[in-house]
Each structure stands twice: as structure tokens, then as C-alpha cells.
Amino acid sequence: NVRQFVARCSEMVWGCIEQWGGEAVKDWYWCIWNEPNNLIVGGDLTFAQYRRIYEAVAVDILQQLQPYLGGRKPMIGGPAIDGTHRPYWLDWIARLVTEVDNRLIGFVSWHRYGDWRPAVPSASLELEMWDSPDAPQGAGFEALLMAQTPQYEARARAVARLLQGRDILNVCGELNTISHHENYYTLGLNQNMFGAAYYASALIGLLRGGADLEMRWTATSHDLHTDAYGLMTMNGDPTPAGLAKQVFAQHVRYGDWVRFPRRPLDAPDMDAVIAWGGNGRRSGVFVSTANKPGRLAVRDWGEDLSVCGEVLRLDSSTGDRVLREPFSGTVHIDGYGIAVVTNAADVTVID
């Protein structure tokens, strides 16, 4: 079976090189397996089993990419480890980078969700809970989920310590509130304004913790019941979480200088990052993690944003769209949401 799997992976890589050329494919990221420590998703492998698969596939991919790499490492990695449901997930990353030739590892990947349990009583779904209790309902569950976002910083920092000096990227490969893809299970929390604030808060944590890359399962949503991970619908309409990422990614960019301002005592439910780029762009991203109106005086977070004249705001009052408003020193966020104080609102793409 391992030989057959390697052959199928090899054929896929070969086909991509034939279709797009080695100069393009050499920069692609090749993740071997998905959640090998998860019984339902990845087979509940032992690390020894996974290592055998990883090394066999990685050697084959490297041989095919070698002529195009110019001496650098290929972007091969794994184990896309389940860090939500399973303990000892960090063991897999520690063992991968110490027991496998580092020339075969370009990145490690780990997953983190706020919870796996449904946002409704499990009995209503006839769900097997594996001896786990139901999650709190309603506002209690939202509070519990939002309390998880600091974990992204802690986990990114832990992985970064294992990778120190190894030239291996630290990748959060899946991020969301609830690890399920149907809305009757999640009640929209992966995609709605709560999900937007959760996602933006987690992104700030990943930046603080030293993650190199974040990916989100971006399947489009077919209807009201399926694919509750999606950043957009099948018609191309962005969800609030999709809009939050679109705005965030344009104002905190690769290569920016960033600062994480000290949170004022009167703003315990606000996360923030300030970023400035070489082209003169200056932006402050503020995320409200509480379902209540909040107002902040930007000067309390530092003087970095004195050159900014506009705000891009997405919150519970904006009707699932980003509003562009003048900035006069204070920002109001109505419930869960994100606001970007910037001098580059005119070049921000919102679609």
C-alpha cells in the first residue's frame, strides 16, 4: 500500500511539472498526509508508520524537483497534525524535525480549531460525543471559543522553538472556530461576524507567536447547510470572515514592520497590530472580541497612526460589508468586528 501511495503521489507531481513546468512547481508546497493522529480523518497512524510514508514520498518528490531547485530545499512538509482533538500533537513535530533528514523538510504544518463540539445539543443531531460533555450553548459557547484565540500565539511560539536554526517554516494549516463543515452544526460561527473577529484575533496571535504562514480551508459554500468553512459562497459573495481576511491581509503584509501595542486597561476585549510598509502605508488593525459596543481612542495605543485619515470598519452594524469612514481620533466597533485605521484606504480592494 505504501508503494502504491508513493506511486500515486509521484504521478501527481510529474503531471504538475508536465502541465505547469518545473520552474513554477518548484515553489509549490507539498504536504504529505492530513491529520495522521486523527482516527476519522487520517487513520490514527503511529509516528513510525507516518515517518515511513513521509520519507518515501519526500524522497520521490525531491528527485523530481531537484533539477529546478538551484540547491535550495524543496517545500515538502507535514504532518498537518490535529492539534484540536488529540493530546501530544507537538510530539509529532518534534520527532519529524529530529528523526527525518532536514533536507526533506521545508515546513511543518499544524491545525488548531476553537472546539469540535456542536453549537447545538448533541442529542438533537444523534451525535456520538466519545464520552465528552456537550459544549455550553449560546453566548457561553461564543465566550469559550473566543477565549481560545491566545492559544494560536502560544502554539506558534512552541513550534517556532522546535524549528529554531533548522530553516523550516512554521505553518498553521487549518484555523477556524469549530472543526465541522455544516451550518446546522456550527450555527454559522465559522463565517459570520463572530467568526470574522475570531479569525482576525487568531491571525494577530499567529503573528505574535512567529508563524510563517497561515492557511484556511476555503471551500466555497453551496447552500445554507454545507461547507460552513468557506470564505465565500458559490456565487462569489464573501462571508464576513472572508471580508475580514481580505482587509487584514492588505494592511498587514509580508515584509512590513509590525508592532503589537500594549492593551489599555479599559480595553480588555480588543486585540491590535500596527503595521507599516516601505511605500509609506501605515495601518492599525483593531479587533473587538466581545459582543458589545466599544469605542477606543487610538492615541492610547501609541502615536504610530497620527498620519491616518480613514477607517475601514466591519462589525455587527455594517450589514456584512466594509464601511469606509473618516478617522478623527476615535474608532467605534459595534460588537464583534474589525476596524482598520489607515492612510491607504483608497488602494484597499474590497470585493
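Position 1 is the first residue of the sequence, and the numbers go up from there.
Tyr185 and His180 have parallel rings, their planes meeting at less than 30° on a 0 to 90° scale where 60° marks the start of perpendicular.
Within a 6.0 Å radius of CE in Met12, other residues, nucleotides and ligands contribute 12 heavy atoms or fewer. No more than 12 heavy atoms of other residues, nucleotides or ligands lie within 6.0 Å of CZ in Arg299, so this atom counts as exposed by the packing criterion. Within a 6.0 Å sphere centred on CZ of Arg103, heavy atoms belonging to other residues, nucleotides or ligands number 12 at most. Other residues, nucleotides and ligands contribute over 12 non-hydrogen atoms within 6.0 Å of the CZ atom of Arg166. When the shell of 6.0 Å around CD of Glu11 is examined, it contains 12 or fewer heavy atoms from other residues, nucleotides or ligands.
Of the candidates Tyr54, Tyr88, Trp92, Phe47 forms a ring pair (Phe, Tyr, Trp, His ring centres under 6.0 Å) with just one, namely Trp92. Each of Phe260, Phe248, Trp301 was evaluated against Phe286; a single residue qualifies, Trp301, per the ring pair (Phe, Tyr, Trp, His ring centres under 6.0 Å) test. Among Leu305, Val340, Val341, the one residue that satisfies the side-chain contact (heavy atoms from CB on, under 4.5 Å) test with Val331 is Val341.
A distance of 10.0 Å separates OH of Tyr198 from OH of Tyr113, quoted to the nearest 0.5 Å. Separating the OG1 atom in Thr177 from the CG atom in Leu145 is a distance of 6.0 Å, to the nearest 0.5 Å. Rounded to the nearest 0.5 angstrom, Arg281 CZ and His251 NE2 are separated by 7.5 Å. In this structure, CD in Glu55 is found 9.5 Å from CD1 in Ile32, a value given to the nearest 0.5 Å. Between the CH2 atom in Trp110 and the OG1 atom in Thr84 there is a gap of 9.5 Å [rounded to 0.5 Å]. Rounding to the nearest 0.5 Å gives a distance of 5.0 Å between CD1 of Ile350 and CG of Leu312.
At least one side-chain heavy atom of Pro133 sits under 4.5 Å from a side-chain heavy atom of Arg117. For the pair His111/Asn34, a side-chain contact is recorded, criterion being any heavy-atom separation below 4.5 Å from C-beta on. When side chains are defined from C-beta on, Leu314 counts as touching Met193, because their heavy atoms get closer than 4.5 Å. Two residues are said to be in side-chain contact when any heavy atoms from C-beta on lie closer than 4.5 Å; Asp269 and Met146 fail this criterion. Taking the side chain as every heavy atom from C-beta outward, Val322 and Gln246 never approach each other to under 4.5 Å. Using a 4.5 Å heavy-atom cutoff, the side chains of Leu62 and Leu69 are in contact. Two residues are said to be in side-chain contact when any heavy atoms from C-beta on lie closer than 4.5 Å; Leu127 and Pro118 meet this criterion. Using a 4.5 Å heavy-atom cutoff, the side chains of Pro326 and Glu310 are not in contact.
Under the 3.5 Å distance criterion, the side-chain polar atoms of Gln191 are left unmatched by any main-chain donor or acceptor of Leu189. Side-chain atoms of Arg216 do not come within 3.5 Å of backbone N or O of Asn176 as any donor-acceptor pair. Under a 3.5 Å cut-off, the side chain of Gln49 and the backbone N or O of Thr46 do form a donor-acceptor pair. Without hydrogens or angle criteria, Asn343 side chain to Arg282 main chain gives a donor-acceptor distance under 3.5 Å. Asp271 places no side-chain N or O within 3.5 Å of a backbone atom of Thr289 that could act as its donor or acceptor partner. At least one donor-acceptor pair closer than 3.5 Å links the side chain of Asn190 to the backbone N or O of Ile178. Proximity of a side-chain donor or acceptor of Arg157 to a complementary backbone N or O of Arg208 within less than 3.5 Å is detected. A donor-acceptor distance shorter than 3.5 angstrom exists from the side chain of Lys73 to the backbone of Asn102, with no hydrogens or angles considered. Under the 3.5 Å distance criterion, the side-chain polar atoms of Asn192 are matched with a main-chain donor or acceptor of Gly195. Here the side chain of Gln164 pairs no donor or acceptor atom with the backbone of Ala160 at under 3.5 angstrom.
Looking at every heavy atom in both residues, Trp30 comes nearest to Ile61 through CB-CD1, 4.1 Å. Taking all atoms of both residues into account, the shortest heavy-atom contact from Gln64 to Ile17 is O-CD1, 3.9 Å. Between Gly302 and Arg259, the shortest heavy-atom contact is CA-NH2, 3.8 Å. Closest heavy-atom contact between Gly83 and Arg112: O-NH1, 3.8 Å. Taking each heavy atom of Ala244 and Ala196 in turn, the nearest pair found is CB-CB, 3.8 Å. The two atoms that bring Pro79 and Leu96 nearest to each other are CD-CD2, 4.1 Å, heavy atoms only.
Between Asp334 and Arg313 there is no salt bridge, since no side-chain N of the basic residue sits under 4.0 Å from a carboxylate O of the acidic one. Using a 4.0 Å cut-off between a side-chain N of Lys or Arg and a carboxylate O of Asp or Glu, Asp27 and Arg72 qualify as a salt bridge.
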Using side-chain contact (heavy atoms from CB on, under 4.5 Å), reason through Leu175 and Leu206 one step at a time and then give a plain yes or no. CA-CA 11 Å; Leu175 186 174; Leu206 289 172; 3.7 Å; yes

Report the C-alpha separation of Glu18 and Val25 in whole Å, then their side-chain angles, then the decisive distance to 0.1 Å, and conclude whether the side-chain contact (heavy atoms from CB on, under 4.5 Å) test is met. CA-CA 10 Å; Glu18 286 291 300; Val25 174; over 6 Å; no

Please assess Tyr152 against Ser201 for the test side-chain contact (heavy atoms from CB on, under 4.5 Å), listing each intermediate value before the final yes or no. CA-CA 9 Å; Tyr152 290 93; Ser201 176; over 6 Å; no

When you look at Phe141 and Phe194, which way does the side-chain contact (heavy atoms from CB on, under 4.5 Å) test go after all the steps? CA-CA 11 Å; Phe141 195 28; Phe194 173 87; over 6 Å; no

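For the residue pair Ser122 / Asp134, a side-chain donor-acceptor distance below 3.5 Å is found, with atom types taken as modelled. Side-chain atoms of Tyr199 and Glu214 form a donor-acceptor pair, as typed in the model, at a separation below 3.5 Å.
In the hydrophobic clustering of ILVMFWY residues, with side-chain heavy atoms under 4.5 Å counting as a link, Tyr29 and Val57 come out apart. A single hydrophobic cluster is not seen to contain both Val298 and Val247; linkage of ILVMFWY side chains at heavy-atom distances under 4.5 Å, directly or through other members, places them apart. Cluster annotation: Val59 is connected to Ile53 through the hydrophobic network of ILVMFWY side chains, with a link wherever side-chain heavy atoms come within less than 4.5 Å. Neither Val108 nor Met75 shares a network with the other; the hydrophobic side chains, linked directly or stepwise wherever heavy atoms of I, L, V, M, F, W or Y lie under 4.5 Å apart, form separate groups for each. Val285 and Val258 fall within the same hydrophobic cluster, defined by Ile, Leu, Val, Met, Phe, Trp and Tyr side-chain heavy atoms under 4.5 Å apart, directly or through other members.
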